[in-house]
Undergrad: 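The structure under discussion is supplied below as C-alpha coordinates; questions concerning it will follow.
Computed over heavy atoms, backbone and side chain alike; hydrogens, waters and symmetry mates excluded.
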Amino acid sequence: MKKQPTSSFYQSLRFRFGLLFNSLLFLCVSIIVYSLYKNAKTELDKSFSLQLSSAANTVLQKTDINPISVPLPKNGEFFRIIYDDKVKKTQLINNLPKDVADKEKWKMVSLKKYPENGGTVSVYFALSAENYHSGIQKLRRLLYIYLPIAFLVSFSGGYLLSGFFLRPLRRIVNNANKVDLEHITLLSKPQTKDEFYHLTDALNRMLIRIDEQVKQQTAFFTMASHELRTPISNMLTELQIFNRKLLDPVTEKLLDNQEQEVRRMKVLVDNFLWMSQIESGNLRTSKSEIDLAEMILELSQSFKKQTVINHRPFRIDLSPLNGDFKILADRNQVEVVINNLITNAVKYGKSETTIEIKIYQNDKKGIIISNFTDQMIKNPDHLKGQFLRDTFHKEGFGLGLWISDVLSRKNNANLSLYSSNEKFNARLEFDEI
(Lines give C-alpha, C1' and ligand atoms only; values in the text may rest on other atoms or scores of the structure.)
Protein backbone atom coordinates (compact mmCIF):
# COMPACT_ATOMS: atom_id res chain seq x y z
CA MET A 1 0.00 0.00 0.00
CA LYS A 2 1.20 3.46 -0.80
CA LYS A 3 2.19 5.60 2.11
CA GLN A 4 -0.01 8.62 2.46
CA PRO A 5 1.90 11.90 2.21
CA THR A 6 2.19 13.81 5.45
CA SER A 7 1.10 17.42 5.52
CA SER A 8 3.42 19.93 7.19
CA PHE A 9 2.11 22.66 9.47
CA TYR A 10 2.97 25.42 7.00
CA GLN A 11 1.23 23.56 4.14
CA SER A 12 -2.19 23.52 5.80
CA LEU A 13 -5.05 25.77 4.71
CA ARG A 14 -5.39 26.89 8.29
CA PHE A 15 -1.82 28.22 8.28
CA ARG A 16 -2.32 29.91 4.92
CA PHE A 17 -5.58 31.56 5.96
CA GLY A 18 -3.96 32.61 9.22
CA LEU A 19 -1.01 34.07 7.34
CA LEU A 20 -3.31 35.89 4.91
CA PHE A 21 -5.46 37.30 7.70
CA ASN A 22 -2.32 38.21 9.64
CA SER A 23 -0.76 39.97 6.66
CA LEU A 24 -3.86 42.08 6.03
CA LEU A 25 -4.38 42.89 9.70
CA PHE A 26 -0.69 43.55 10.28
CA LEU A 27 -0.61 45.90 7.29
CA CYS A 28 -3.61 47.81 8.63
CA VAL A 29 -2.19 47.92 12.16
CA SER A 30 1.20 49.05 10.85
CA ILE A 31 -0.39 51.90 8.92
CA ILE A 32 -2.48 52.94 11.92
CA VAL A 33 0.43 52.73 14.39
CA TYR A 34 2.74 54.62 12.03
CA SER A 35 0.10 57.31 11.55
CA LEU A 36 -0.32 57.60 15.32
CA TYR A 37 3.45 57.85 15.68
CA LYS A 38 3.68 60.61 13.08
CA ASN A 39 0.78 62.51 14.68
CA ALA A 40 2.25 62.13 18.17
CA LYS A 41 5.68 63.29 16.94
CA THR A 42 4.09 66.29 15.22
CA GLU A 43 2.21 67.19 18.39
CA LEU A 44 5.38 66.88 20.46
CA ASP A 45 7.16 69.12 17.97
CA LYS A 46 4.40 71.71 18.17
CA SER A 47 4.27 71.55 21.97
CA PHE A 48 8.02 71.94 22.32
CA SER A 49 8.15 74.74 19.74
CA LEU A 50 5.26 76.51 21.50
CA GLN A 51 7.02 76.19 24.85
CA LEU A 52 10.24 77.49 23.33
CA SER A 53 8.54 80.43 21.59
CA SER A 54 6.48 81.32 24.67
CA ALA A 55 9.54 81.36 26.96
CA ALA A 56 11.56 83.39 24.43
CA ASN A 57 8.72 85.87 23.99
CA THR A 58 8.47 86.31 27.80
CA VAL A 59 12.20 87.12 27.97
CA LEU A 60 11.85 89.51 25.05
CA GLN A 61 8.93 91.35 26.66
CA LYS A 62 10.80 91.74 29.94
CA THR A 63 13.81 93.23 28.20
CA ASP A 64 13.93 97.08 28.11
CA ILE A 65 16.52 99.48 26.77
CA ASN A 66 15.73 102.81 28.46
CA PRO A 67 16.64 102.14 31.12
CA ILE A 68 18.33 98.79 30.40
CA SER A 69 16.39 96.03 32.06
CA VAL A 70 17.26 92.39 31.42
CA PRO A 71 15.54 89.38 33.05
CA LEU A 72 17.73 86.83 34.79
CA PRO A 73 17.67 83.26 33.42
CA LYS A 74 15.57 80.80 35.33
CA ASN A 75 16.68 77.24 35.96
CA GLY A 76 17.02 75.49 32.62
CA GLU A 77 16.75 78.69 30.53
CA PHE A 78 19.57 79.75 28.27
CA PHE A 79 19.45 82.90 26.15
CA ARG A 80 21.45 85.67 24.65
CA ILE A 81 20.16 89.27 24.29
CA ILE A 82 21.73 91.65 21.78
CA TYR A 83 20.84 95.32 21.29
CA ASP A 84 21.65 96.78 17.89
CA ASP A 85 21.37 100.59 17.67
CA LYS A 86 22.53 100.58 14.05
CA VAL A 87 25.92 101.84 15.18
CA LYS A 88 27.11 98.92 17.23
CA LYS A 89 25.80 95.66 18.68
CA THR A 90 25.77 95.36 22.43
CA GLN A 91 25.45 91.98 24.11
CA LEU A 92 23.36 92.51 27.20
CA ILE A 93 23.46 88.94 28.52
CA ASN A 94 24.63 85.56 27.29
CA ASN A 95 24.52 82.22 29.10
CA LEU A 96 24.11 80.01 26.00
CA PRO A 97 26.12 76.79 26.23
CA LYS A 98 29.06 76.32 23.89
CA ASP A 99 27.45 73.33 22.14
CA VAL A 100 24.18 75.10 21.47
CA ALA A 101 24.63 74.37 17.77
CA ASP A 102 24.17 70.65 18.47
CA LYS A 103 20.59 70.09 17.38
CA GLU A 104 20.45 66.71 19.13
CA LYS A 105 20.93 68.45 22.50
CA TRP A 106 19.36 71.87 22.06
CA LYS A 107 16.47 73.61 20.40
CA MET A 108 16.81 77.33 19.81
CA VAL A 109 14.56 80.13 18.57
CA SER A 110 15.27 83.80 17.84
CA LEU A 111 12.85 86.70 18.34
CA LYS A 112 13.17 90.42 17.74
CA LYS A 113 11.45 93.62 18.81
CA TYR A 114 11.91 97.23 17.90
CA PRO A 115 11.89 99.71 20.82
CA GLU A 116 10.48 103.28 20.40
CA ASN A 117 13.94 104.85 20.81
CA GLY A 118 15.14 102.93 17.78
CA GLY A 119 17.34 99.93 17.26
CA THR A 120 16.62 96.22 17.49
CA VAL A 121 16.53 93.89 20.46
CA SER A 122 17.25 90.24 19.51
CA VAL A 123 16.71 87.31 21.81
CA TYR A 124 18.27 83.89 21.08
CA PHE A 125 16.55 81.46 23.41
CA ALA A 126 17.54 77.80 23.84
CA LEU A 127 16.09 74.89 25.79
CA SER A 128 17.52 71.41 26.32
CA ALA A 129 16.13 68.95 23.77
CA GLU A 130 17.12 65.84 25.73
CA ASN A 131 13.63 65.35 27.18
CA TYR A 132 12.12 65.94 23.75
CA HIS A 133 14.36 63.36 22.06
CA SER A 134 13.85 60.98 25.00
CA GLY A 135 10.10 61.19 24.44
CA ILE A 136 10.55 60.50 20.73
CA GLN A 137 12.77 57.50 21.52
CA LYS A 138 10.19 56.10 23.94
CA LEU A 139 7.55 56.51 21.26
CA ARG A 140 9.70 54.62 18.76
CA ARG A 141 10.43 51.86 21.26
CA LEU A 142 6.71 51.47 21.87
CA LEU A 143 6.24 51.29 18.12
CA TYR A 144 8.86 48.53 17.82
CA ILE A 145 7.23 46.61 20.68
CA TYR A 146 3.63 46.99 19.57
CA LEU A 147 4.24 45.96 15.96
CA PRO A 148 5.64 42.48 16.79
CA ILE A 149 2.90 42.05 19.39
CA ALA A 150 0.35 43.10 16.78
CA PHE A 151 1.90 40.57 14.37
CA LEU A 152 1.64 37.72 16.88
CA VAL A 153 -1.86 38.68 17.97
CA SER A 154 -3.10 39.04 14.41
CA PHE A 155 -1.49 35.70 13.37
CA SER A 156 -2.93 33.91 16.41
CA GLY A 157 -6.32 35.45 15.80
CA GLY A 158 -6.19 34.52 12.13
CA TYR A 159 -5.07 30.98 12.92
CA LEU A 160 -7.84 30.48 15.48
CA LEU A 161 -10.50 32.03 13.28
CA SER A 162 -9.41 30.01 10.25
CA GLY A 163 -9.59 26.87 12.39
CA PHE A 164 -13.13 27.81 13.38
CA PHE A 165 -14.21 28.51 9.79
CA LEU A 166 -12.52 25.35 8.46
CA ARG A 167 -14.25 23.03 10.93
CA PRO A 168 -16.91 22.05 8.36
CA LEU A 169 -14.13 21.13 5.92
CA ARG A 170 -12.39 18.95 8.52
CA ARG A 171 -15.72 17.30 9.28
CA ILE A 172 -16.18 16.54 5.58
CA VAL A 173 -12.65 15.08 5.36
CA ASN A 174 -13.18 12.90 8.44
CA ASN A 175 -16.50 11.60 7.10
CA ALA A 176 -14.95 10.95 3.68
CA ASN A 177 -12.12 8.95 5.29
CA LYS A 178 -14.70 6.73 7.00
CA VAL A 179 -16.39 5.80 3.72
CA ASP A 180 -16.09 2.08 3.03
CA LEU A 181 -16.15 1.36 -0.69
CA GLU A 182 -17.76 -2.01 0.02
CA HIS A 183 -20.74 -0.29 1.64
CA ILE A 184 -20.78 3.31 0.45
CA THR A 185 -22.74 5.76 2.60
CA LEU A 186 -23.26 9.35 1.52
CA LEU A 187 -21.88 12.27 3.51
CA SER A 188 -24.23 14.38 5.59
CA LYS A 189 -24.69 17.84 4.07
CA PRO A 190 -24.31 21.07 6.06
CA GLN A 191 -27.52 22.96 6.82
CA THR A 192 -26.36 26.21 5.19
CA LYS A 193 -25.95 26.19 1.42
CA ASP A 194 -22.43 27.58 1.37
CA GLU A 195 -19.28 26.36 -0.40
CA PHE A 196 -18.97 23.42 2.01
CA TYR A 197 -22.52 22.36 1.12
CA HIS A 198 -21.66 22.31 -2.59
CA LEU A 199 -18.40 20.45 -1.88
CA THR A 200 -20.29 17.77 0.07
CA ASP A 201 -22.85 17.51 -2.71
CA ALA A 202 -20.10 17.06 -5.31
CA LEU A 203 -18.43 14.34 -3.19
CA ASN A 204 -21.75 12.52 -2.76
CA ARG A 205 -22.37 12.53 -6.50
CA MET A 206 -18.84 11.19 -7.01
CA LEU A 207 -19.45 8.43 -4.43
CA ILE A 208 -22.67 7.45 -6.23
CA ARG A 209 -20.76 7.13 -9.51
CA ILE A 210 -18.02 5.09 -7.79
CA ASP A 211 -20.62 2.81 -6.21
CA GLU A 212 -22.25 2.18 -9.59
CA GLN A 213 -18.89 1.43 -11.21
CA VAL A 214 -17.85 -0.91 -8.38
CA LYS A 215 -21.12 -2.80 -8.66
CA GLN A 216 -20.74 -3.09 -12.44
CA GLN A 217 -17.14 -4.25 -12.07
CA THR A 218 -18.06 -6.78 -9.39
CA ALA A 219 -20.94 -8.11 -11.48
CA PHE A 220 -18.62 -8.46 -14.47
CA PHE A 221 -15.95 -10.34 -12.48
CA THR A 222 -18.57 -12.63 -10.96
CA MET A 223 -20.20 -13.42 -14.28
CA ALA A 224 -16.88 -13.88 -16.11
CA SER A 225 -15.47 -16.08 -13.34
CA HIS A 226 -18.54 -18.34 -13.32
CA GLU A 227 -18.49 -18.62 -17.10
CA LEU A 228 -14.80 -19.52 -17.18
CA ARG A 229 -14.71 -22.00 -14.30
CA THR A 230 -16.60 -24.78 -16.08
CA PRO A 231 -14.53 -24.96 -19.30
CA ILE A 232 -11.27 -24.59 -17.38
CA SER A 233 -12.25 -27.38 -14.99
CA ASN A 234 -13.17 -29.60 -17.97
CA MET A 235 -9.82 -28.88 -19.66
CA LEU A 236 -7.92 -29.67 -16.47
CA THR A 237 -9.81 -32.94 -15.94
CA GLU A 238 -9.15 -34.06 -19.53
CA LEU A 239 -5.45 -33.29 -19.24
CA GLN A 240 -5.19 -35.16 -15.94
CA ILE A 241 -6.92 -38.36 -17.14
CA PHE A 242 -5.06 -38.43 -20.42
CA ASN A 243 -3.02 -41.65 -20.70
CA ARG A 244 0.50 -40.34 -21.03
CA LYS A 245 2.25 -43.69 -21.00
CA LEU A 246 1.66 -44.00 -24.75
CA LEU A 247 3.20 -40.59 -25.49
CA ASP A 248 6.76 -39.70 -26.36
CA PRO A 249 8.70 -37.51 -23.87
CA VAL A 250 8.29 -34.32 -25.91
CA THR A 251 4.51 -34.65 -26.12
CA GLU A 252 4.30 -35.60 -22.45
CA LYS A 253 6.27 -32.52 -21.46
CA LEU A 254 4.01 -30.41 -23.65
CA LEU A 255 0.93 -31.78 -21.89
CA ASP A 256 2.54 -31.14 -18.49
CA ASN A 257 3.15 -27.54 -19.47
CA GLN A 258 -0.41 -27.20 -20.69
CA GLU A 259 -1.75 -28.67 -17.46
CA GLN A 260 0.39 -26.20 -15.45
CA GLU A 261 -0.93 -23.24 -17.46
CA VAL A 262 -4.55 -24.41 -17.08
CA ARG A 263 -4.01 -24.73 -13.32
CA ARG A 264 -2.64 -21.21 -13.34
CA MET A 265 -5.72 -19.97 -15.19
CA LYS A 266 -7.97 -21.80 -12.75
CA VAL A 267 -6.24 -20.10 -9.79
CA LEU A 268 -6.68 -16.71 -11.44
CA VAL A 269 -10.38 -17.29 -12.13
CA ASP A 270 -10.95 -18.55 -8.59
CA ASN A 271 -9.15 -15.52 -7.19
CA PHE A 272 -11.29 -13.18 -9.28
CA LEU A 273 -14.42 -14.93 -8.01
CA TRP A 274 -13.30 -14.61 -4.39
CA MET A 275 -12.35 -10.96 -4.97
CA SER A 276 -15.77 -10.16 -6.41
CA GLN A 277 -17.49 -11.80 -3.44
CA ILE A 278 -15.29 -9.95 -0.95
CA GLU A 279 -15.66 -6.52 -2.55
CA SER A 280 -19.39 -6.88 -3.08
CA GLY A 281 -19.88 -7.75 0.58
CA ASN A 282 -21.60 -11.03 -0.35
CA LEU A 283 -19.03 -13.27 1.33
CA ARG A 284 -20.76 -15.57 3.80
CA THR A 285 -19.28 -18.18 6.13
CA SER A 286 -20.86 -21.52 6.92
CA LYS A 287 -18.95 -22.85 9.91
CA SER A 288 -18.58 -26.48 10.84
CA GLU A 289 -16.11 -28.62 12.77
CA ILE A 290 -12.84 -29.16 10.87
CA ASP A 291 -9.81 -31.25 11.74
CA LEU A 292 -6.76 -29.25 10.70
CA ALA A 293 -4.46 -32.29 10.65
CA GLU A 294 -6.75 -34.22 8.29
CA MET A 295 -7.17 -31.21 6.01
CA ILE A 296 -3.40 -30.67 5.76
CA LEU A 297 -2.82 -34.33 4.93
CA GLU A 298 -5.51 -34.27 2.22
CA LEU A 299 -4.23 -31.05 0.63
CA SER A 300 -0.60 -32.19 0.70
CA GLN A 301 -1.53 -35.22 -1.43
CA SER A 302 -2.63 -32.93 -4.27
CA PHE A 303 0.87 -31.37 -4.37
CA LYS A 304 2.77 -34.64 -4.72
CA LYS A 305 3.51 -34.21 -8.41
CA GLN A 306 4.68 -30.60 -7.99
CA THR A 307 6.92 -31.42 -5.04
CA VAL A 308 8.62 -34.15 -7.07
CA ILE A 309 9.12 -31.85 -10.04
CA ASN A 310 10.43 -28.97 -7.89
CA HIS A 311 12.41 -31.22 -5.50
CA ARG A 312 10.71 -29.73 -2.44
CA PRO A 313 9.23 -32.53 -0.27
CA PHE A 314 6.89 -31.96 2.68
CA ARG A 315 7.57 -32.63 6.36
CA ILE A 316 4.45 -32.51 8.52
CA ASP A 317 4.80 -32.29 12.31
CA LEU A 318 2.06 -32.50 14.92
CA SER A 319 2.59 -30.76 18.26
CA PRO A 320 1.57 -32.61 20.38
CA LEU A 321 1.15 -35.89 18.52
CA ASN A 322 -2.11 -36.70 20.32
CA GLY A 323 -3.40 -33.12 20.16
CA ASP A 324 -6.94 -32.04 19.37
CA PHE A 325 -6.68 -29.99 16.16
CA LYS A 326 -10.39 -29.49 15.55
CA ILE A 327 -11.65 -25.95 14.88
CA LEU A 328 -14.95 -24.32 14.00
CA ALA A 329 -14.72 -22.59 10.61
CA ASP A 330 -15.89 -22.54 6.99
CA ARG A 331 -14.24 -25.58 5.44
CA ASN A 332 -14.14 -24.25 1.89
CA GLN A 333 -12.62 -20.92 2.93
CA VAL A 334 -9.99 -22.47 5.22
CA GLU A 335 -9.02 -24.85 2.37
CA VAL A 336 -8.50 -21.84 0.10
CA VAL A 337 -6.25 -20.17 2.68
CA ILE A 338 -4.12 -23.26 3.36
CA ASN A 339 -3.98 -24.16 -0.33
CA ASN A 340 -2.68 -20.65 -1.16
CA LEU A 341 -0.02 -20.86 1.54
CA ILE A 342 1.19 -24.31 0.44
CA THR A 343 1.13 -23.23 -3.22
CA ASN A 344 3.39 -20.27 -2.43
CA ALA A 345 5.77 -22.49 -0.46
CA VAL A 346 6.00 -25.00 -3.33
CA LYS A 347 6.29 -22.29 -5.99
CA TYR A 348 8.81 -19.97 -4.31
CA GLY A 349 10.73 -22.34 -2.02
CA LYS A 350 14.40 -22.99 -2.60
CA SER A 351 15.15 -26.09 -4.69
CA GLU A 352 16.35 -29.24 -2.88
CA THR A 353 14.92 -28.06 0.45
CA THR A 354 12.09 -29.34 2.64
CA ILE A 355 8.80 -27.52 3.14
CA GLU A 356 7.93 -27.76 6.82
CA ILE A 357 4.30 -27.79 7.99
CA LYS A 358 3.76 -27.68 11.73
CA ILE A 359 0.28 -28.20 13.18
CA TYR A 360 0.19 -27.13 16.81
CA GLN A 361 -2.12 -26.89 19.79
CA ASN A 362 -1.28 -24.77 22.85
CA ASP A 363 -3.39 -21.87 24.05
CA LYS A 364 -4.59 -21.65 20.43
CA LYS A 365 -4.63 -23.92 17.41
CA GLY A 366 -2.90 -23.21 14.14
CA ILE A 367 -0.37 -24.13 11.50
CA ILE A 368 3.05 -22.79 10.46
CA ILE A 369 4.23 -23.36 6.89
CA SER A 370 7.96 -22.68 6.38
CA ASN A 371 10.15 -22.85 3.30
CA PHE A 372 13.75 -21.86 2.58
CA THR A 373 14.16 -18.89 0.19
CA ASP A 374 16.89 -17.63 -2.10
CA GLN A 375 16.02 -13.99 -1.33
CA MET A 376 14.98 -12.62 2.05
CA ILE A 377 11.93 -10.35 2.09
CA LYS A 378 12.38 -7.36 4.41
CA ASN A 379 8.70 -6.78 5.18
CA PRO A 380 6.77 -9.98 4.38
CA ASP A 381 3.56 -8.84 6.06
CA HIS A 382 2.99 -6.15 3.39
CA LEU A 383 2.38 -8.97 0.86
CA LYS A 384 -1.12 -9.29 2.32
CA GLY A 385 -2.08 -6.14 0.42
CA GLN A 386 -4.21 -6.38 -2.72
CA PHE A 387 -2.18 -6.84 -5.95
CA LEU A 388 1.12 -6.66 -4.04
CA ARG A 389 4.07 -8.92 -4.81
CA ASP A 390 7.69 -8.99 -3.68
CA THR A 391 10.37 -7.68 -6.03
CA PHE A 392 11.93 -11.10 -6.68
CA HIS A 393 8.89 -13.11 -7.81
CA LYS A 394 6.78 -11.63 -10.62
CA GLU A 395 4.74 -14.66 -11.74
CA GLY A 396 1.98 -14.31 -9.14
CA PHE A 397 -1.14 -12.14 -9.39
CA GLY A 398 -0.83 -10.45 -6.00
CA LEU A 399 -4.27 -11.68 -4.88
CA GLY A 400 -3.66 -14.99 -3.10
CA LEU A 401 -2.32 -13.65 0.21
CA TRP A 402 -4.82 -10.78 0.25
CA ILE A 403 -7.70 -13.24 -0.20
CA SER A 404 -6.15 -15.54 2.41
CA ASP A 405 -5.92 -12.68 4.90
CA VAL A 406 -9.55 -11.66 4.37
CA LEU A 407 -10.83 -15.24 4.62
CA SER A 408 -8.71 -15.80 7.75
CA ARG A 409 -10.31 -12.85 9.50
CA LYS A 410 -13.75 -14.06 8.43
CA ASN A 411 -13.01 -17.32 10.25
CA ASN A 412 -11.62 -15.73 13.44
CA ALA A 413 -8.03 -16.47 12.49
CA ASN A 414 -4.90 -14.36 12.17
CA LEU A 415 -2.53 -14.74 9.22
CA SER A 416 0.99 -13.46 9.87
CA LEU A 417 4.00 -13.59 7.53
CA TYR A 418 7.59 -13.28 8.73
CA SER A 419 11.15 -14.31 7.88
CA SER A 420 13.68 -16.02 10.13
CA ASN A 421 16.85 -18.10 9.59
CA GLU A 422 16.62 -17.87 5.78
CA LYS A 423 13.03 -19.13 5.97
CA PHE A 424 9.76 -17.59 4.89
CA ASN A 425 7.06 -18.44 7.45
CA ALA A 426 3.29 -18.21 7.23
CA ARG A 427 1.41 -18.65 10.51
CA LEU A 428 -2.35 -19.23 10.52
CA GLU A 429 -3.67 -19.14 14.09
CA PHE A 430 -7.32 -19.59 15.09
CA ASP A 431 -8.93 -17.84 18.03
CA GLU A 432 -10.93 -19.94 20.42
CA ILE A 433 -14.65 -19.13 20.19
Side-chain angles (χ1 to χ4, degrees), residues 1-4 267 270-271 274-275 278-279 283 285 287 290-297 299-300 303 312 314-320 323-350 353-393 396-433:
M1 297 177 64
K2 292 184 179 179
K3 186 179 180 181
Q4 292 185 353
V267 171
D270 289 341
N271 284 342
W274 281 113
M275 184 180 71
I278 292 170
E279 293 189 340
L283 186 63
T285 56
K287 296 183 179 181
I290 305 168
D291 192 314
L292 276 178
E294 291 181 1
M295 179 178 287
I296 293 293
L297 292 174
L299 290 174
S300 62
F303 286 91
R312 300 184 188 105
F314 287 127
R315 189 180 73 194
I316 301 175
D317 295 326
L318 303 178
S319 178
D324 178 15
F325 303 109
K326 293 179 180 179
I327 60 171
L328 189 65
D330 187 298
R331 184 178 188 85
N332 185 34
Q333 294 177 8
V334 174
E335 278 187 358
V336 170
V337 175
I338 296 176
N339 188 74
N340 282 341
L341 298 179
I342 296 177
T343 299
N344 286 342
V346 172
K347 188 186 299 183
Y348 303 126
K350 189 176 181 180
T353 59
T354 301
I355 297 172
E356 300 173 358
I357 303 177
K358 180 181 178 181
I359 310 168
Y360 64 89
Q361 177 200 9
N362 41 44
D363 293 338
K364 297 181 180 181
K365 301 173 185 179
I367 62 171
I368 301 175
I369 301 174
S370 306
N371 62 276
F372 287 90
T373 58
D374 293 315
Q375 300 287 347
M376 294 298 294
I377 302 172
K378 292 183 179 179
N379 186 18
D381 215 47
H382 86 285
L383 297 175
K384 293 190 294 185
Q386 192 175 10
F387 295 110
L388 290 181
R389 298 174 297 184
D390 65 90
T391 56
F392 309 109
H393 307 109
F397 304 109
L399 287 173
L401 289 176
W402 172 71
I403 293 171
S404 298
D405 185 51
V406 175
L407 295 181
S408 298
R409 285 186 272 113
K410 283 282 187 180
N411 288 274
N412 301 102
N414 179 52
L415 174 63
S416 57
L417 310 175
Y418 58 95
S419 297
S420 64
N421 301 325
E422 298 183 355
K423 286 184 180 180
F424 182 86
N425 304 283
R427 179 195 295 268
L428 180 65
E429 190 169 69
F430 292 85
D431 295 328
E432 292 291 342
I433 302 176

Undergrad: Using side-chain heavy atoms (C-beta onward) and a distance below 4.5 Å, is Asn414 in contact with Ser416?
TA: yes
Undergrad: Does any part of the side chain of Ile355, heavy atoms only, come nearer than 4.5 Å to the side chain of Ser370, both counted from C-beta?
TA: no
Undergrad: Between Lys364 and Asp431, does any side-chain N to carboxylate O distance fall below 4.0 Å?
TA: yes
Undergrad: Where do Phe372 and Thr354 come nearest, in terms of heavy atoms and distance?
TA: CD1-O, 4.2 Å
Undergrad: Run the side chain to side chain contact (heavy atoms under 4.5 Å, CB included) test on Leu292 and Lys326 for me, step by step, so that the C-alpha distance in whole Å, both residues' side-chain angles and the decisive distance to 0.1 Å come before the verdict.
TA: CA-CA 6 Å; Leu292 276 178; Lys326 293 179 180 179; over 6 Å; no
Undergrad: For a quick test of reading the model, state the closest non-hydrogen atom pair linking Ile290 to Ala329 and the distance between them.
TA: CD1-O, 3.3 Å
Undergrad: Heavy atoms, side chains only, cut-off 4.5 Å: are Val334 and Phe430 in contact?
TA: yes
Undergrad: Test side chain to side chain contact (heavy atoms under 4.5 Å, CB included) on Leu383 and Phe424 and set out the steps.
TA: CA-CA 12 Å; Leu383 297 175; Phe424 182 86; 4.3 Å; yes
Undergrad: Over all heavy atoms of both residues, which pair between Leu417 and Ala426 is shortest? Give the atoms and the distance, please.
TA: CD2-CB, 3.7 Å
Undergrad: For Asp317 and Ile359, what are the C-alpha separation, side-chain angles and deciding distance, and is it a side chain to side chain contact (heavy atoms under 4.5 Å, CB included)?
TA: CA-CA 6 Å; Asp317 295 326; Ile359 310 168; over 6 Å; no
Undergrad: Indicate whether any N or O donor in one side chain lies under 3.5 Å from an N or O acceptor in the other, for Lys358 and Asn425.
TA: no
Undergrad: With heavy-atom distances below 4.5 Å as the criterion, would you say the side chains of Ile296 and Ile338 are in contact?
TA: yes
Undergrad: Over all heavy atoms of both residues, which pair between Ala345 and Ile369 is shortest? Give the atoms and the distance, please.
TA: CB-CG2, 4.0 Å
Undergrad: Any side-chain heavy-atom pair from Glu429 and Tyr360 closer than 4.5 angstrom?
TA: yes
Undergrad: In Å and rounded to the nearest 0.5 Å, what is the CG to OG distance from Asn362 to Ser319?
TA: 7.5 Å
Undergrad: Using the test salt bridge (charged side-chain N to carboxylate O under 4.0 Å, His left out), find all partners of Asp291 that sit at least two apart in sequence or belong to another chain.
TA: none
Undergrad: Within this structure, what is the CD1-CG distance for the pair Ile327 and Asn412, rounded to the nearest 0.5 Å?
TA: 10.0 Å
Undergrad: Using a 4.5 Å cut-off on heavy atoms from C-beta on, say whether the side chain of Leu407 contacts that of Asp330.
TA: no
Undergrad: Give, for atom CD of Gln333 and atom CD1 of Ile403, the distance between the pair rounded to the nearest 0.5 Å.
TA: 11.5 Å
Undergrad: Please confirm whether the backbone N or O of Gly323 pairs with a side-chain atom of Gln361, one donor and one acceptor, at under 3.5 Å?
TA: no
Undergrad: Any non-hydrogen side-chain atom of Tyr348 less than 4.5 Å from a side-chain atom of Thr373?
TA: no
Undergrad: Looking at Val346, is its backbone amide N or carbonyl O close enough to the side chain of Arg312 to form a donor-acceptor pair, meaning the two atoms are under 3.5 Å apart?
TA: yes
Undergrad: Would you check if there is a donor-acceptor pair between the side chains of Asn411 and Thr285 at a distance under 3.5 Å?
TA: no
Undergrad: Is there a side-chain contact between Thr343 and Phe303 (heavy atoms, below 4.5 Å)?
TA: yes
Undergrad: Taking all atoms of both residues into account, what is the closest heavy-atom pair of Leu401 and Leu415, and its distance?
TA: O-CD2, 4.2 Å
Undergrad: Sequence neighbours left out, what passes salt bridge (charged side-chain N to carboxylate O under 4.0 Å, His left out) with Arg331? Give chain and number order.
TA: Glu298, Glu335
Undergrad: Using the test salt bridge (charged side-chain N to carboxylate O under 4.0 Å, His left out), find all partners of Glu356 that sit at least two apart in sequence or belong to another chain.
TA: Arg315, Lys423
Undergrad: Apply side chain to side chain contact (heavy atoms under 4.5 Å, CB included) to residues Ser300 and Ile316 and explain how you reach the verdict.
TA: CA-CA 9 Å; Ser300 62; Ile316 301 175; 4.0 Å; yes
